[in-house]
Amino acid sequence: MSTSRRNFIKRVGGVAALAATAPLLGSKKVFADTNGKITIQLNTTMKPGGSEEAGINKFAEALEQLAPGRFEVIPFMSGQLGGENAVLELLNIGETQMSLTAGNWRTQYGPKFDPISIPFLFPTGDAVEKYMGTKSGKALTDLAESKGGIVHLGTQMRAPRHMTTNRPIRTPEDLKGLRLRLPAIPVWIDVWSSLGAQTVVVPAPEIYLAMQTGQVDAHENSLGSPYSRKLYEVQSHLIMTGHVHFPWHWVASKSWLSGLEQSDRIAVEKAVQIAREEGNKIEAEKDIFYLKELQKKGMKVIEPDVAAFKNAAKPAIEKAISNLEDGVLADVIGAINAAD
């Protein structure tokens with residue numbers, strides 16, 4: 001047994017009994033448990049209870065229906081095997097099998113083909129999904145496979161990101177002097193700074209305290225964030241900017257997936273498509289629920305002039321696009337038109 005294998009088994013503890021053996025099925029090496037089932041450790045950094053868990057549960061259910069008795073799906077919620085980057089490395093070396101992951105892989109393996117992170121560029125999640133099917137999107141997933149050892153199996157909806165603030169924001173001019181909490185994503189900081197906001201990087205667990213103490217005046221995220229963090233206690237307005245559509249991605253370890261028999265691989269891919277549909281449905285339902293509940297908690301909803309924000313941010317957006325490969329912008333435009 002290799003050193004990396006021993007270290008992995010030591011880290012995951014109870015899973016060791018399932019992953020310790022790797023018998024041959026036919027001539028191909030796959031992880032299997034003591035009952036002969038193919039083990040799939042399915043990772044996500046998200047907590048139970050959301051659309052991510054719903055998608056994962058649906059995947060397990062669908063896979064059992066498509067290939068009865070062939071697989072054992074073991075969910076790892078809340079980043080139990082580590083953060084996004086740690087799991088990407090485990091996938092790369094074949095020490096875990098699948099993940100419902102965010103966008104780190106795009107910036108690691110194909111940043112020149114990743115326009116998805118640019119605020120105010122994609123108007124809908126459907127446009128993002130259409131982009132993934134373009135020539136540029138294929139180049140992005142090909143790079144992930146060749147450089148990162150992961151196979152992209154499809155996107156799953158995450159609700160659009162909006163702003164919460166302690167004052168009304170209707171136009172870009174209203175952002176002047178606003179202290180806006182952001183994660184440490186350079187293109188987000190560039191775009192919002194160009195709009196006049198004072199961007200402040202604050203770790204996610206400290207958002208509530210930062211607002212309570214006046215360190216920041218606003219933040220941006222999907223509506224699940226102000227609801228779960230009870231930000232309605234320290235924020236008065238929802239600004240429905242919908243500025244980023246940042247999906248989850250279903251990915252699998254290339255070395256693991258290529259080791260499956262063809263019928264098993266087809267079953268896995270079909271189960272992912274069924275799971276994506278379920279996850280999308282649940283996420284859309286939850287987004288509506290969160291909006292209603294936040295309004296009940298007293299937050300006022302403002303529909304701002306999003307086109308004005310996009311126009312004001314145009315120089316920063318164009319700067320970000322200039323760092324991408326030729327042809328990406330054309331594919332973005334094509335994807336947006338195809339989604340209309």
Side-chain angles (χ1 to χ4, degrees), residues 4 7-8 11-12 40-46 52 55 76-119 121-122 125 128-129 131-158 161 182-191 201 203-204 221-222 244-258 272 276 316-317 319-329 331-332 335:
S4 64
N7 290 342
F8 176 73
R11 287 176 62 189
V12 301
I40 300 179
Q41 298 154 1
L42 181 45
N43 304 275
T44 180
T45 57
M46 298 301 288
E52 301 80 22
F76 282 83
M77 306 296 297
S78 304
Q80 288 173 292
L81 291 190
E84 298 285 346
N85 291 341
V87 170
L88 289 175
E89 179 56 29
L90 292 173
L91 290 165
N92 191 6
I93 62 177
E95 293 289 11
T96 193
Q97 290 78 52
M98 295 181 66
S99 184
L100 185 58
T101 192
N104 290 22
W105 67 275
R106 302 194 311 260
T107 56
Q108 283 190 35
Y109 307 133
K112 294 287 188 179
F113 292 95
D114 177 25
I116 297 170
S117 301
I118 302 174
L121 185 59
F122 287 95
V128 172
E129 185 171 352
Y131 173 78
M132 294 302 298
T134 67
K135 182 178 179 180
S136 296
K138 183 66 164 55
L140 177 59
T141 56
D142 285 349
L143 284 167
E145 189 169 334
S146 62
K147 296 172 66 175
I150 62 171
V151 178
H152 188 265
L153 299 176
T155 60
Q156 182 170 311
M157 174 186 175
R158 293 172 87 178
R161 297 176 79 98
L182 288 175
I185 299 177
V187 68
W188 292 11
I189 293 171
D190 287 348
V191 168
V201 175
N221 211 322
S222 59
V244 169
H245 295 267
F246 209 61
W248 292 112
H249 299 270
W250 284 83
V251 299
S253 166
K254 179 182 178 181
S255 60
W256 170 76
L257 194 65
S258 63
V272 167
R276 291 173 57 218
I317 294 171
K319 176 185 174 184
I321 291 172
S322 72
N323 293 322
L324 302 176
E325 287 290 340
D326 292 342
V328 170
L329 179 58
D331 282 341
V332 169

Taking atom [atom1] of [X] and atom [atom2] of [Y], what is their separation to the nearest 0.5 Å?
| X | Y | atom1 | atom2 | answer |
| --- | --- | --- | --- | --- |
| L42 | E52 | CG | CD | 11.5 Å |
| S99 | E84 | OG | CD | 6.0 Å |
| L100 | L153 | CG | CG | 11.0 Å |
| F76 | T45 | CZ | OG1 | 14.5 Å |
| L121 | I321 | CG | CD1 | 5.0 Å |
| S117 | W188 | OG | CH2 | 7.0 Å |

Flag, side chain of [X] to backbone of [Y], donor-acceptor distance under 3.5 Å:
| X | Y | result |
| --- | --- | --- |
| Q80 | M77 | yes |
| K112 | N323 | yes |
| W105 | H152 | no |
| E145 | V151 | no |
| T44 | M46 | yes |

Taking all non-hydrogen atoms of both residues, which atom of [X] and which atom of [Y] are closest, and how far apart?
| X | Y | result |
| --- | --- | --- |
| G94 | S253 | CA-OG, 3.6 Å |
| I93 | S255 | C-OG, 4.4 Å |
| A102 | R158 | CB-NH1, 3.7 Å |
| V187 | A320 | CG2-CB, 3.7 Å |
| D190 | A316 | O-CB, 4.1 Å |
| V328 | P115 | CG1-CG, 3.9 Å |

Side chain to side chain, [X] and [Y], heavy atoms closer than 4.5 Å:
| X | Y | value |
| --- | --- | --- |
| L90 | L81 | yes |
| H245 | M157 | no |
| Y131 | V128 | no |
| I116 | P247 | yes |
| I150 | Y109 | yes |
| L91 | V251 | yes |
| T101 | V87 | no |

Are T96 and N43 close enough that a side-chain donor and a side-chain acceptor fall under 3.5 Å? yes
Between the side chains of D331 and S136, does any donor sit under 3.5 Å from an acceptor? yes
Within 6.0 angstrom of K147 NZ, more than 12 heavy atoms from elsewhere: yes
Candidate pair T134 and V332, rule side-chain contact (heavy atoms from CB on, under 4.5 Å), full reasoning: CA-CA 8 Å; T134 67; V332 169; over 6 Å; no
Are R161 and F122 in a cation-pi setup, meaning NZ or CZ lies under 6.0 angstrom from the ring centre and within 45 degrees of the ring axis? no
Chi angles and distances behind the side-chain contact (heavy atoms from CB on, under 4.5 Å) call for H249, R106: CA-CA 10 Å; H249 299 270; R106 302 194 311 260; 2.9 Å; yes
Please step through side-chain contact (heavy atoms from CB on, under 4.5 Å) for the pair M98 and W256, ending with a clear verdict. CA-CA 9 Å; M98 295 181 66; W256 170 76; 3.9 Å; yes
Test: R276 and E129 ion pair at under 4.0 Å: yes
